[in-house]
Each structure stands twice: as structure tokens, then as C-alpha cells.
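Notes to accompany the following structure.
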Amino acid sequence: SGSNDKRIVVSFLFNKLLVPMAELIGHDSPVFSLTELENGTLVSGDFMGFMILWEESNFNLIKKIRPHSRMISKIADLNDKKFASCSFDS
């Protein structure tokens, strides 16, 4: 899940309970979008237009980029290590 507190929490389901297993810290503004690419990499987008790629195996930050100047509202997996994003850019 993403949230207003600028972090992403990765959890798993155990006996009908959500158990947090990782906290992804790297955004400087609220996180509004999150998707998993076909290869397992997570991509998140925030209010200020930044995107972060996260490693699947240990959830380390791979790269932080700013493809937009405003909030990223959606990230879509296009397969073959490609993804598309949309935002509230003018």
C-alpha cells in the first residue's frame, strides 16, 4: 500500500492477518501509485512527479527519476521492462 506518510508498506497474508514485511522509504511526498512490472520490479509514483523503481528481492531503491512535474496518478506495466505513467501535468 502507498500512503500520505511517504512510505510504502509491503505485507503478506498469514492466517487472515496482514503482516508487514518491508517498509520502502524514498519518496519526499505522498505516494499515489504503485505497480509491479512483469519482472517483479515495483514502481511507485508520488505527488511531486517522482517515480522510484524498487528491487524485487530485497526492496532496495534501484533508481529515482522525475518524469512529471505533478502528481503521478497511474503507472501501467507494458511488459518487456517498459511502463507508462500519467499525471496531472499541465
- prompt: Any luck finding a side-chain donor-acceptor pair between D89 and S69 under 3.5 Å?
  reply: yes

query: If you look at every heavy atom in S87 and R70, which pair is closest and at what distance?
result: CB-O, 3.7 Å

- prompt: Yes or no on side chain to side chain contact (heavy atoms under 4.5 Å, CB included) for K74 and C86, after CA distance, side-chain angles and deciding distance?
  reply: CA-CA 5 Å; K74 179 73 176 170; C86 57; 3.4 Å; yes

query: Do S44 and H27 have side-chain heavy atoms sitting under 4.5 Å apart?
result: yes

query: Is the shortest heavy-atom distance from the side chain of I75 to the side chain of M51 under 4.5 Å?
result: yes

field: Rounded distance (nearest 0.5 Å) linking atom CG of L18 with atom CG of N15
entry: 12.0 Å

- line: Scanning both residues in full, the closest heavy-atom pair of G49 with P67 reads O-CD, 3.3 Å

query: Are L53 and L78 linked, directly or through other ILVMFWY residues, by side chains that come within less than 4.5 angstrom of each other?
result: no

field: L37 with I72, same ILVMFWY side-chain cluster at under 4.5 Å
entry: yes

task: Answer yes or no: is there a side-chain heavy-atom contact under 4.5 Å between F47 and K6?
output: no

task: Tell me, yes or no, whether the heavy-atom count around K64 atom NZ, taken from other residues, nucleotides or ligands under 6.0 Å, exceeds 12.
output: yes

query: Between L34 and I52, is there a shared hydrophobic cluster once you connect ILVMFWY residues whose side-chain heavy atoms come closer than 4.5 Å?
result: yes

- prompt: Should we say atom CZ of F50 is surrounded by more than 12 heavy atoms from elsewhere, each under 6.0 Å from it?
  reply: yes

- request: Would you please say whether a donor-acceptor pair under 3.5 Å links the side chains of W54 and T41?
  value: no

Residue pair S11 / V19, side-chain heavy-atom distance below 4.5 Å: no

task: Could you pull out the closest heavy-atom pair between G26 and L61, with the gap in Å?
output: CA-CD1, 4.3 Å

message: Can you tell me if F14 has over 12 outside heavy atoms packed within less than 6.0 Å of its CZ?
response: no

- request: Would you check if L24 and N60 make a side-chain contact, meaning some heavy-atom pair closer than 4.5 Å?
  value: no

- prompt: What are the two closest heavy atoms between R7 and E23, and how far apart are they?
  reply: NH1-OE1, 2.9 Å

query: If two hydrophobic side chains count as joined below 4.5 Å and joins carry through other members, does V10 share a cluster with V31?
result: yes

query: Is there a side-chain contact between L42 and F59, using heavy atoms and a 4.5 Å cut-off?
result: yes

field: Check: M48 main-chain N/O paired with D46 side-chain donor or acceptor under 3.5 Å
entry: yes

task: Ignoring hydrogens and angles, tell me if any N or O in the side chain of D77 forms a donor-acceptor pair with the backbone of E38 under 3.5 Å.
output: yes

- prompt: Do you reckon I25 sits in the same ILVMFWY cluster as V9, going by side-chain contacts under 4.5 Å, direct or chained?
  reply: no

